[in-house]
Structures are given as C-alpha cells and as structure tokens.
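The structure appears right after this line, and notes come after that.
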Amino acid sequence: YEAPAYWTIRCLRSCVWCGNYIIGTYWLLSRDPATGHWELSNMPELVLVLVRVSIFTTLLDYAYEMSVGGGWSFVFSFGSLAMFVATPLFFLAVSALSEAVNGGKDEDGGLAGAADLRPRFFLVQYGWVRFLELYRDNTVLLRRAGVTSVEVVTVSLAIGMVCIILTVAGSVHSFEAPTEDESFQRFEHFVWFAVTTLTTVGYGDFAPSLTVSRTACMAGMVLAISWVPLQVTRLQHALAQQPVHAGRMPERGEPFVLLCGRVSRLQVRAFFRQVARHRISWPARFVVLSVAPLEDLEIHRLPREIQARAYFEQADILASKNLGTPAHRLNLRTATAVFVFNREKGPRALHGGLASEDQSTGAGGVLMGAEVQAMRPLALGAHNPSVADNLQAGEADRQTAMRVLTLLNFVRPANIAVQLQSLHHAPMLRTHGVQHMVCFAEIKMRL
C-alpha cells in the first residue's frame with residue numbers, strides 16, 4: 001500500500017480508464033427520442049471490455065485500501081468518495097433515486113427515469129467522475145515517490161486543473177449533447193465550453209439548459225475559484241521554505257541504515273566515503289534524519305550512487321512523535337543499524353584518523369561486528385573548551401541520550417552506535433544494553 005509501484009499501477013489504470021471514456025464519447029452521436037438515452041449500437045466491444053476490467057480492479061482497490069488504509073476513516077475520506085463515485089454502485093444509487101423522485105419519467109436528459117443497467121450507459125453517463133479518482137491517485141503517488149513539496153504542489157495544481165475541466169466538460173456533455181444546431185456535439189466541444197466558463201471568459205456560444213448541467217457548472221466554477229488560489233498559495237509557501245526531504249523513502253518493510261541526530265556535512269561525506277571504500281554489506285537503503293537544514297549537508301555533492309540509495313529529511317527523533325509507528329511513513333523497526341551523531345558542527349579529521357580499535361570507548365567503535373575497522377568516528381581538533389562549550393556539550397549529550405532511549409523502543413541495543421562528548425551519560429546507556437559508544441573527550445585525551 002505504501003509502495004510507489006502500487007500507486008504507479010493505479011495511476012496508469014486511472015489514465016487508461018479516463019482515456020477509455022474520452023474515446024468512447026466519439027460514438028455518442030444521437031439519443032433515443034423516447035428515453036433520452038444515448039444510442040450505443042456502434043460502440044466497439046473493446047471499449048466495454050476495458051470498462052469491465054477497470055471497474056473490477058477499482059472495486060478490488062477500494063476493498064484493499066479500506067482494509068489497510070485506515071478502515072472507517074478511509075470510508076469518509078476524499079479518496080473513498082473519489083473511488084465510490086467511479087463504480088456502478090454510485091450509478092445504481094442515483095438511478096434508483098431519480099426513478100423514485102420522477103416516477104419513471106425521463107425529464108432531465110437521461111438522469112431521471114428508470115434505471116438503465118446497460119454497461120455502456122454507465123460508460124457515457126457517469127464516466128466523467130473517473131477524473132476525480134485520477135487526481136487523487138496522482139497526488140498520492142507524488143507523495144509516496146519522495147519528490148519535493150514544490151514538485152508535489154506544482155504537479156497537483158496542473159493535474160487538478162485538467163481534471164476539473166474534464167469533469168465539468170464530461171458532465172455537461174453527458175446531459176446536454178447534442179444540441180439542436182449540433183454545434184456542440186462531441187466531447188472536445190464541451191472541453192472548450194468548460195475552459196471558457198472556468199476561466200470566466202464566457203463567449204456565450206453555449207449555455208446549459210438543464211438543472212443538473214447548471215449545477216455541475218456552478219460546482220466547477222466554485223471549485224476553480226476557491227481551490228486554485230489555495231493551491232497557488234501552497235506553492236508560494238513551498239517555494240519560500242527550505243526543502244525538508246530529498247530522495248525516496250524506503251518502502252514499508254524494506255531494511256535500511258539510519259543516521260540521525262546532529263549530523264554534519266563532513267560526517268555524512270565521511271560516512272558514505274567509508275561505505276563505498278570498504279564495500280560494507282549493508283542494506284541498499286540509507287536514511288539520514290538531520291537536525292540541521294538539508295542545504296547544510298550539500299547532498300548534491302555526494303556521489304549519484306549514494307543519492308539514489310539515500311533518503312534525507314530534516315527531522316529529529318525527539319520532535320517526531322509518530323516516528324516508528326504506523327502513523328508515520330518511516331518504520332524504524334526495519335532499521336538494521338542506527339548511528340546517533342552528536343556534533344552540530346562538522347568535526348575535523350585527525351592526522352591518519354583512528355588506527356586501532358583500543359582507541360574507542362567500551363566495545364569498540366562506531367560500527368558493529370566486522371565493520372568496526374571499516375569506519376571510525378572523526379574526533380574534534382584540539383581547542384581550549386570554555387564554560388559555555390562545556391554546557392553546550394552537556395546539553396548535546398543529554399539530547400543524544402534521549403534520542404537513544406527513544407530508538408530503543410524500536411531497535412535492538414546491539415544495533416545502535418552513539419557519539420558522545422563526554423562519558424557522563426555512558427553508564428546509563430550501558431545499563432540499557434548500548435555498548436557501541438565513542439567519546440570525543442576520551443579520544444582527545446588519549447591522543
């Protein structure tokens with residue numbers, strides 16, 4: 001359900017279904033004078049087959065999404081509404097209601113009257129509601145694909161405008177076409193009418209005469225006037241804000257290596273440089289949750305191979321209360337290794353780095369198992385700490401310890417490695433089973 005591949009297939013299905021409706025309107029040239037229904041004898045059978053397949057898969061997706069996407073909370077959501085109105089259940093409900101109200105008399109261009117159970121009738125009468133599902137599927141896909149918020153809002157705005165125009169055009173076409181002078185007969189004629197109406201140009205070459213058509217036009221105009229400015233405002237906010245995530249998030253259940261805390265640019269570059277150099281057999285995915293802004297990490301300077309495998313987000317374990325729960329997209333329980341960094345500013349590498357394992361604290365090093373020799377923490381350069389520096393280092397250690405305690409709810413202690421400024425919180429972390437710790441103060445003292 002969370003995988004981008006699933007939503008990609010759904011978007012392709014929605015595009016084919018909407019295209020099938022647009023192509024099917026080319027055979028809608030005349031209506032039955034007695035009932036007002038379309039004459040569909042010339043419509044190819046392939047169009048009907050595609051409709052049946054699309055309806056069947058839509059019903060399966062609806063049941064699947066209701067079971068895994070929130071239960072009753074999904075039933076009363078926009079996604080549920082968009083999928084429901086695109087199924088025969090909506091058509092039967094409207095037909096039954098119109099028959100009860102009008103007593104079986106067709107007085108409103110085919111909306112009222114006895115229920116016409118022909119599958120082709122559903123294709124032409126309510127096929128335009130599929131554009132709502134197309135907009136919803138594409139929006140969800142963009143959010144799952146890990147693109148930036150600016151790209152999500154921009155593409156959603158473009159797709160939303162197209163879907164509004166096609167929905168209004170399809171609804172008016174299904175009830176009004178063909179006109180007496182046959183100037184508005186095909187679907188593209190009503191697309192022209194929808195564009196001129198929603199943009200408030202209004203050439204006056206056509207005006208809907210039925211109540212249901214006028215209602216659809218009013219709904220489209222209100223939606224365009226209210227929704228489009230809202231999306232433009234969101235786009236302005238997204239452009240003004242700094243990016244908070246980059247890359248594609250691991251799919252639910254996919255293992256990954258997590259880097260979190262006060263991750264600096266130099267630490268990120270040194271980490272991935274060591275990973276590439278020693279070819280450590282880790283999962284293919286990496287997640288970096290940095291307290292600092294992403295622009296400070298200079299992600300664009302990392303190798304393309306790393307950028308393709310890593311997901312970056314400006315976030316903090318302490319501030320993100322939903323991390324690791326089903327309410328959040330990132331499942332911490334699938335993290336195979338976690339590195340908690342503790343430097344807001346980038347550390348300076350020592351001459352030659354740390355060469356032997358006995359220079360680290362406790363059970364040696366920042367990595368676990370056989371990877372200890374492959375990666376060493378970078379220590380701070382020599383300086384004279386002031387009282388303010390000591391207070392800042394103590395607060396950083398306290399926050400780091402709290403991050404580790406939070407992660408222990410989801411990750412085994414043996415899979416967590418921690419960087420500390422001093423040994424003050426080390427005994428407490430050892431009591432919780434955390435053994436992979438590096439203390440900058442002790443390393444500097446030994447060197």
Side-chain angles (χ1 to χ4, degrees), residues 2-9 11-12 138 140-156 238-239 241-316 323 329-332 334-341 343-349 353 366-368 370-371 373-378 417 419:
E2 299 289 341
Y6 169 74
W7 289 98
T8 302
I9 295 176
C11 289
L12 293 177
N138 280 276
V140 176
L141 174 62
L142 290 173
R143 294 173 181 173
R144 296 288 194 276
V147 299
T148 63
S149 57
V150 175
E151 294 172 340
V152 171
V153 177
T154 303
V155 179
S156 297
L239 291 173
Q241 294 177 352
Q242 297 179 347
V244 295
H245 63 85
R248 184 179 67 85
M249 178 173 288
E251 300 178 2
R252 184 172 297 275
E254 183 180 5
F256 61 90
V257 176
L258 174 64
L259 285 69
C260 63
R262 297 180 179 272
V263 187
S264 69
R265 171 179 56 87
L266 294 180
Q267 287 171 326
V268 170
R269 292 175 60 185
F271 183 90
F272 287 116
R273 188 185 303 117
Q274 296 295 330
V275 170
R277 178 181 302 173
H278 296 277
R279 301 185 181 276
I280 302 174
S281 58
W282 272 344
R285 306 289 306 183
F286 295 91
V287 175
V288 180
L289 301 181
S290 173
V291 178
L294 295 188
E295 61 180 8
D296 295 347
L297 300 181
E298 298 183 359
I299 301 174
H300 62 280
R301 300 186 61 180
L302 295 174
R304 293 187 178 273
E305 179 184 359
I306 296 299
Q307 295 184 33
R309 297 171 57 188
Y311 171 78
F312 299 86
E313 182 173 345
Q314 183 181 354
D316 192 1
L323 281 175
R329 296 174 298 164
L330 183 62
N331 184 9
L332 292 178
T334 60
T336 59
V338 177
F339 299 92
V340 185
F341 290 87
R343 285 303 298 171
E344 186 173 10
K345 297 181 180 179
R348 292 192 295 267
V366 69
L367 300 186
M368 284 74 77
E371 291 84 8
Q373 296 293 341
M375 178 74 174
R376 285 300 183 178
L378 300 178
Q419 286 183 347

Let's go through Phe286 and Phe272 carefully: what are the C-alpha distance in whole Å and the side-chain angles of both, what is the deciding distance for side-chain contact (heavy atoms from CB on, under 4.5 Å) to 0.1 Å, and is it a yes or a no?
CA-CA 10 Å; Phe286 295 91; Phe272 287 116; 3.7 Å; yes
So Leu302 and Gln307, side-chain contact (heavy atoms from CB on, under 4.5 Å) or not? Walk me through it.
CA-CA 7 Å; Leu302 295 174; Gln307 295 184 33; 4.1 Å; yes
Step by step, work out the side-chain contact (heavy atoms from CB on, under 4.5 Å) result for Leu289 and Asp316.
CA-CA 6 Å; Leu289 301 181; Asp316 192 1; over 6 Å; no
If you apply the rule side-chain contact (heavy atoms from CB on, under 4.5 Å), what do you find for Glu298 with His300, and how did you get there?
CA-CA 5 Å; Glu298 298 183 359; His300 62 280; 4.1 Å; yes
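One distance of note links CZ of Arg262 with CD of Gln267; it measures 11.0 Å at 0.5 Å rounding. The CG atom of Leu294 sits 8.5 Å away from atom CZ of Phe312, with the distance rounded to the nearest 0.5 Å. For the atom pair CE (Met249) and CD (Glu254), the distance works out to 11.5 Å, reported to the nearest 0.5 Å. In this structure, CG in Leu332 is found 6.5 Å from CG in Leu258, a value given to the nearest 0.5 Å. Rounded to the nearest 0.5 angstrom, Ile306 CD1 and Arg269 CZ are separated by 13.0 Å.
In terms of heavy atoms, Val338 sits closest to Ala335 at CG2-CB, 4.0 Å. The shortest heavy-atom contact between Tyr311 and Arg248 is CB-O, 3.4 Å. Across Ala246 and Ile299, no two heavy atoms sit closer than the pair CB-CD1, 4.3 Å. Scanning all heavy atoms of the two residues, the minimum distance from Ala292 to Asp296 falls at CB-OD2, 4.3 Å. Taking every heavy atom of both residues into account, Phe256 and Asn331 meet most closely at CE2-O, 3.3 Å.
Side-chain contact between Pro250 and Thr334 is absent, with no heavy atoms from C-beta onward closer than 4.5 Å.
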